[in-house]
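Report on the structure given below.
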Amino acid sequence: MILRPSSWMFSLLAALVLSSVFHTSLLAAENSSATESVATNQGKDELPFDQIPDPFVEKTPRNESAENRLRLTTLLTKARLQDHRGDVAGALETYQRAYRLSPGSATILQEIVRLGFLLQRNEIASRYAILLAENQMTMTTDALQRVAQYCLEDGQTERAIQLYERALALLKKEGAHTQALGIHFRLLSIYQSHDEPKMAARHASEVAKMISEPDKFELDGVVEQFTSGGLRSTFEKLGDVYLEADQPDNAVKMFAKAEEISPSPEMHLIHEAKVLAARKDWNAAQVKLDKYLAADHRVAGQEPYLLLLQVRKHLADSPEAAQQEVLERLRKLHDSSSDYAPLAYFLAQLYAEQNDWDNVIAMSAPLIEDETDADALNLLCQAYIAKSDWPALVSLLATSLDGNYNLDTISQPLEKLIADDKQWDSLTAHLKSLTPAHRPLNERIGVSRLYQLASQGDTAWTWAESAFPDLDNQEEARFLMQFGLQAFRDEQEAVAEQAFRSAIKLGLPKSQTSLFYFYLATTLEMQDKTSDALRTAKRAALLDEESALLRSRIPWTLYHAGRTEEAVKEYQTLLDKFADDYENQQTRQVIRDAKRLLSAIAGQKDDLPQATEWLEQVLDEFPDDTGAMNDLGYLWIDHEENLGRGFSMIQKAVTNEPDNYAYLDSLGWAHFRLGQYEEAVATLEHAAKLADGKDGTVLDHLGDAYLALGQKEKALASWKQATHVLQDEDDAKILSQVESKLKTNT
């Protein structure tokens, strides 16, 4: 789930941005007003009719660049007038449209951010604030940090990194050491989590320097705020960062600092062993590990055991011999401290690698007695399957259920079991011998979910029904939701329908019942039960008339059923009711999807102006919507309009998702329209490969590109392949066009 910034962030971000742009905007408005005044008061004498100039006729038609400049000027003039007259919403929309004609314009972005926050369309303002931060080099450090934080919470890590780095450079110039330290810690963590050890080490060096000399950096009294777990723990973490970056000398210094602060002889032995292993001094590392294991081996979790195995693999005759040596040595330790879970789990893993399933069970079973451990459950599942111990496995299913009645923790070994026909037949024979009503509740649910993993929906439903009498309404509803959605994902719509109908009969609050109606409508339509689906979708909408999501199921059902004209009317009704609700982000997503679909419908009707307008509106609100960029760029390219802008949009879409064959198809077609046939062939061949030759449009485009290069045989082969695919896709229009090309060129 994408995290959204809290209200305090919006208000602070708004204040920061508004303060930097309000003065500029005010001057612009005043200048606009003055210009209007001059234009109004001059030339009051009427112009004689015989002096009216002839209409201007261009000798040379404007090119795309000139047209864009003219349109940009027109939009900016209109936006300033709207703003001056108090039409803030209109001005915002006009500036948004102007921005795409001048990407990167800090002036336009300032106006969009200012107006967005004034209208309390905070999400929109924040999206454009990111663009402003990236294009305006004079933004304050506070604003940069707030925008970076928004990017991080929104999952835009790369953008967050760039903004944090910029803020950091400014803070260093300002001597704001406390804030700089905080950003160093943040970037260190980000780079570590994204497996960039060299960059993490760079920030580790800055952190180490600052917390080692707090007086020098005016950090007295604040270092503790940044060193969660204490200074010793922080220096240990910095040492590990250096080891990940293959900088053992720096790691030694950090571990030494940790010891100075709070001595821990056992941990120091592990640190020394890690450094020696990083330097490939295996014998010396072995000596340190021996001392640790002879002292207290319970202070560093599994890390020493993993390190011991690594060292022995470099010193023993073979990896197998090393593993056996470690196994025997650690088993002796376990016998004297059997309650130490990290050691038991490590041994269980080693036994699993040797297929010693009895010992896997002996090591793992105690780990789940007090509380479930995902790794131990996984190992036990593998062991019970290997031993065909079906009663134990059924019991484990019950133990492994999570809060949503899922078996995710053991799904991998279960999927391998299901794929093994012999073992699966053996297990199902055992399950058939069981009477569901006589089994514990969680076993019934666990077996039901297991059958769902095997895509045996009817049997899964039988076991699920046996559980309902022992569940209260809320628990039954939660189980039915998960069960129904899984059945739907498995394309077992009839089973999903049973689940959703059962949930509706529970008499739940409207908010829950409406959602089950929503999913039921979807399931019914996927079974071509359109009349029932529509009735169900309308019931869902009536239960919560303020939900755009529920209301959207009505036009979607009509569209899926091929009743396009009715769908358009219903989508328009949806937009009329909810288009101005900018507070609910779920509603904004529904509106975006509706406009995307309306664009597709208009495109099918060859209504280019309407198709492009819907996509323009999507990009007004979501300027980084990659799909809308691709679709709009493709529409323009395919109709040979705005070739430059269309090409740029498609390029950006491909940059964002380089393995999306649909976007590559658009790019290849753009190259073709621009007469760049070699580039078109190379790009379209790549798209066809990614599509595995199963997209008729890509193959059609590739045929056209081959023909343009004089490669007629390849063109014919590509078109022939396209006809087979298009017949399966049931796309009569494109199929007819391809068949015509084959006939013409054969």
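Because the structure is predicted, anything quoted here is derived from the model rather than measured. We number each residue from 1, following the sequence as shown.
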Yes or no on side-chain contact (heavy atoms from CB on, under 4.5 Å) for Ser364 and Tyr345, after CA distance, side-chain angles and deciding distance? CA-CA 6 Å; Ser364 299; Tyr345 175 66; 5.7 Å; no
Ring centroid separation [X] to [Y] under 6.0 Å:
X	Y	value
His203	Tyr191	yes
Trp357	Tyr384	no
Trp463	Tyr405	no

Determine, step by step, whether Gln498 and Arg501 satisfy the side chain to side chain donor-acceptor pair (under 3.5 Å) criterion, reporting the C-alpha distance in whole Å, the side-chain angles of both residues, the deciding distance to 0.1 Å, and the verdict. CA-CA 5 Å; Gln498 286 180 293; Arg501 287 192 184 281; over 6 Å; no
Would you say [Y] and [X] are linked by a side-chain donor-acceptor pair, where the criterion is simply a distance under 3.5 Å?
X	Y	result
Gln492	Asp490	no
Gln354	Glu320	no
Asn378	Asp375	no
Gln286	Trp282	no
Arg159	Gln162	no
Gln149	Glu153	yes
Arg329	Tyr305	no
Asp544	Ser514	no
Glu328	Gln324	yes

Compare all side-chain heavy atoms of [X] with those of [Y] and state whether any distance is below 4.5 angstrom.
X	Y	value
Leu450	Val394	no
Ser233	Leu231	no
Ser212	Phe235	yes
Lys387	Ile361	yes
Val447	Leu397	yes
Leu168	Tyr164	no
Gln412	Gln382	no
Leu367	Leu379	no

In Å and rounded to the nearest 0.5 Å, what is the [atom1] to [atom2] distance from [X] to [Y]?
X	Y	atom1	atom2	answer
Glu158	Leu163	CD	CG	11.5 Å
Leu293	Leu330	CG	CG	7.0 Å
Met210	Leu181	CE	CG	5.0 Å

Any donor-acceptor pair under 3.5 Å from [X] side chain to [Y] backbone:
X	Y	answer
His314	Gln310	yes
Ser337	Leu333	yes
His268	Ser264	no
Asn359	Ala362	no
Ser411	Asp408	yes
Thr435	His438	no
Ser338	Asp335	no
Thr462	Asp458	yes
Asn404	Asn406	no
Ser193	Ile190	yes

Does the plane of the ring in Trp424 sit parallel, tilted or perpendicular to the ring in Tyr451? Use 30° and 60° as the thresholds. perpendicular
Intermediate values then yes/no, side-chain contact (heavy atoms from CB on, under 4.5 Å), Leu289 and Leu307: CA-CA 8 Å; Leu289 288 170; Leu307 188 56; 3.9 Å; yes
Minimum heavy-atom separation for [X] to [Y], with atom names?
X	Y	result
Phe516	Ala477	CZ-O, 3.5 Å
Lys313	Pro319	CG-CA, 4.4 Å
Ala245	Lys198	O-NZ, 2.7 Å
Ala352	Val360	N-CG2, 3.4 Å
Tyr340	Val299	OH-N, 4.1 Å
Ser466	Pro469	O-CD, 3.5 Å

Give the intermediate values and the outcome of side-chain contact (heavy atoms from CB on, under 4.5 Å) for residues Asp470 and Arg444. CA-CA 11 Å; Asp470 294 325; Arg444 284 174 260 164; 2.8 Å; yes
Between [Y] and [X], is there a salt bridge with N-O shorter than 4.0 Å?
X	Y	answer
Asp420	Lys416	no
Arg449	Asp402	no
Glu303	Lys274	yes
Glu196	Arg202	no
Arg298	Asp339	yes

Can you tell me if CD on Gln302 sees more than 12 non-hydrogen neighbours from other groups inside 6.0 Å? yes
Test ring-ring contact (aromatic ring centres under 6.0 Å, His included) on Phe479 and Trp461; report intermediate values, then the result. CA-CA 12 Å; Phe479 176 37; Trp461 180 247; 8.4 Å; no
Candidate pair Asp154 and Gln156, rule side chain to side chain donor-acceptor pair (under 3.5 Å), full reasoning: CA-CA 6 Å; Asp154 201 41; Gln156 302 182 60; 2.9 Å; yes
For Lys253 and Asn250, run side-chain contact (heavy atoms from CB on, under 4.5 Å): C-alpha distance rounded to whole Å, both residues' side-chain angles, the deciding distance at 0.1 Å, then the answer. CA-CA 5 Å; Lys253 296 174 184 176; Asn250 285 329; 4.0 Å; yes
Tell me which one of Arg331, Arg312, Lys332 satisfies salt bridge (charged side-chain N to carboxylate O under 4.0 Å, His left out) with Glu325.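 The passing option is Arg312.
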Output, in order, the C-alpha distance, side-chain angles, deciding distance and verdict of salt bridge (charged side-chain N to carboxylate O under 4.0 Å, His left out) for Glu236 and Arg232. CA-CA 6 Å; Glu236 286 179 320; Arg232 177 190 167 87; 2.9 Å; yes
